[in-house]
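All values below come from the heavy atoms of this structure, side chains included, with hydrogens, waters and symmetry mates left out.
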Amino acid sequence: MGEVAVMHSEPLQFECNDMKLIKEKDVYNLPLPERGYMEYGCQHYRRRCRIRAPCCNEIFDCRHCHNEAKNSINIDQKHRHDIPRHQVKQVICSLCGTEQENCTNCGVCMGKYFCETCKLFDDDVSKQQYHCSGCGICRTGGCENFFHCYKCGCCYSTLLKNSHPCVEGAMHHDCPVCFEYLFESVTDVTVLLCGHTIHKSCLNEMREHFQYACPLCSKSVCDMSKVWEKIDLEIAATPMPEPYLNKMVWILCNDCGENSHVQFHLVAQKCLNCKSYNTRQTRG
């Protein structure tokens with residue numbers, strides 16, 4: 001669930017022919033498995049092979065490239081689909097162009113990291129890839145830094161191991177802001193205080209628009225105590241007109257779930273239980 005660095009796939013070019021010959025000579029002096037290291041791939045992965053999609057029999061740099069191409073608005077909706085990643089059997093060597101199950105023709109290593117289950121090759125091992133048997137897919141960030149929560153159905157940082165609220169299948173749904181499927185997203189995902197999940201970038205965009213409640217359950221996404229104090233001052237400085245001085249209403253608190261019978265105010269109604277202003281009026 002981390003960001004993938006995009007690197008240039010073409011080797012540097014020199015105007016001097018002698019320098020070009022020296023460079024080519026150095027390349028061919030490399031051990032076979034090391035040739036082309038970090039020179040091939042796409043914006044998602046650096047590797048020395050492409051895949052043949054078993055669903056449409058076409059060749060792509062990776063499954064993400066396939067899914068982006070086959071789910072674009074230019075494709076008829078009836079023909080849009082994702083690649084069944086675990087069914088990939090044939091790969092094409094980026095150096096010699098041989099289609100095969102394993103690199104048997106030129107001897108080049110197709111990726112420093114390889115997962116037999118996910119059929120994943122990747123040269124950029126700085127991402128610390130690991131396969132999670134619970135998720136059934138490969139993750140990045142190092143297995144020692146994550147744990148799999150079987151109730152939430154996903155890997156979380158070890159920092160959340162004893163503190164995150166479990167929500168059944170928390171990662172197996174779309175982001176409530178951009179609607180991208182979170183379980184297989186390559187964008188960073190964060191866990192809210194309520195246990196729901198959302199893209200970190202989408203949460204930041206919500207904050208930029210002064211939206212501090214979970215889009216799914218309406219609970220506050222952060223500590224709002226300082227904001228509640230400011231609302232206290234605003235209410236104290238805003239007396240209600242005489243017809244509303246004794247008006248009472250019932251409210252439901254989005255944060256603690258308690259019902260309260262409170263005095264009506266145009267600015268906001270405060271929960272008597274947790275002192276939150278994240279409330280809604282239920283009855284007059």
For the student: nearest non-hydrogen atoms of [X] and [Y], plus distance:
X	Y	result
Cys152	Pro165	SG-O, 4.5 Å
Asp123	Arg47	OD2-CA, 3.7 Å
Cys135	Cys154	SG-CA, 3.9 Å
Cys138	Leu120	CB-CD2, 3.8 Å
Ala237	Pro239	O-CD, 3.4 Å
Cys271	Cys274	SG-N, 3.4 Å

Mind checking the [atom1]-[atom2] spacing from [X] to [Y]? Nearest 0.5 Å is all I need.
X	Y	atom1	atom2	result
Asn145	Thr158	CG	OG1	6.0 Å
Cys256	Lys219	SG	NZ	9.0 Å
His199	Asp174	NE2	CG	9.5 Å
Asn254	Cys217	CG	SG	8.0 Å
Ser94	Glu39	OG	CD	11.0 Å

Are the side chain of [X] and the backbone of [Y] linked by a donor-acceptor contact shorter than 3.5 Å?
X	Y	answer
Ser220	Cys222	no
Lys127	Asp124	no
Arg48	Arg35	yes
Thr279	Cys253	no

Check this for me: [X], atom [atom1], are more than 12 non-hydrogen atoms of other residues, nucleotides or ligands nearer than 6.0 Å?
X	atom1	result
Glu242	CD	no
Asp76	CG	yes
Asn204	CG	yes
His261	NE2	yes

Please determine if Lys151 and Glu168 form a salt bridge, counting it only when a charged side-chain N lies under 4.0 Å from a carboxylate O. no
Under 4.0 Å between a side-chain nitrogen and a carboxylate oxygen: does that hold for Asp122 and Lys112? no
Leu216 reachable from Val191 in the ILVMFWY side-chain graph, under 4.5 Å edges: no
If you apply the rule side chain to side chain contact (heavy atoms under 4.5 Å, CB included), what do you find for Ile92 with Ile59, and how did you get there? CA-CA 8 Å; Ile92 296 89; Ile59 297 172; 3.9 Å; yes
Non-hydrogen side-chain atoms of [X] and [Y] separated by less than 4.5 Å:
X	Y	result
His196	Pro176	no
Lys70	Asp82	no
Lys230	Leu233	no
Cys42	Cys62	yes
Arg50	Val91	no
Thr117	His86	yes
Thr140	Gln128	no
Glu34	Cys109	no

Report the C-alpha separation of Arg52 and Glu99 in whole Å, then their side-chain angles, then the decisive distance to 0.1 Å, and conclude whether the salt bridge (Lys or Arg N to Asp or Glu O under 4.0 Å) test is met. CA-CA 9 Å; Arg52 182 175 291 281; Glu99 184 167 345; 2.6 Å; yes
Show every ring-ring contact (aromatic ring centres under 6.0 Å, His included) that has at least one partner inside residues 161-181, sequence neighbours left out. Phe147-His164, Tyr156-His164, His172-Phe183
Quick one: which residue pairs count as a ring-ring contact (aromatic ring centres under 6.0 Å, His included) with a foot in residues 51-83, not counting sequence neighbours? His44-His64, Tyr45-His64, Phe60-His66, His66-His81
Who clusters with [X]? Use side-chain heavy atoms, under 4.5 angstrom, across I, L, V, M, F, W and Y, and order the result by chain and number.
X	result
Phe264	Met240, Tyr244, Leu245, Val249, Ile251, Val262, Leu266, Leu272
Trp250	none
Val167	none
Leu192	Val177, Ile198, Leu203, Met206, Phe210, Tyr212, Val221, Met224, Val227, Trp228, Ile231, Ile235, Val267, Tyr277

Can you run down the salt bridge (Lys or Arg N to Asp or Glu O under 4.0 Å) pairs that involve residues 262-284, sequence neighbours left out, and say none if there aren't any? Asp232-Lys270
Sequence-distant partners of [X], salt bridge (charged side-chain N to carboxylate O under 4.0 Å, His left out), two or more places apart:
X	value
Arg80	none
Asp255	none
Asp61	none
Arg85	Glu184

Passes side chain to side chain contact (heavy atoms under 4.5 Å, CB included), Ser201 versus Thr187? Steps please. CA-CA 8 Å; Ser201 57; Thr187 307; 4.1 Å; yes
Does the pair Cys49 and Cys93 meet the rule for a side chain to side chain contact (heavy atoms under 4.5 Å, CB included), with working shown? CA-CA 4 Å; Cys49 67; Cys93 177; 5.7 Å; no
Side chains of Ser276 and Asn278: donor-acceptor distance under 3.5 Å anywhere? no
Can you list the residues that meet the ring-ring contact (aromatic ring centres under 6.0 Å, His included) rule with His148, with sequence neighbours excluded? Tyr150
Please lay out, stage by stage, how Glu68 and Gln43 fare under the test side chain to side chain contact (heavy atoms under 4.5 Å, CB included). CA-CA 12 Å; Glu68 289 173 3; Gln43 62 177 327; 3.8 Å; yes
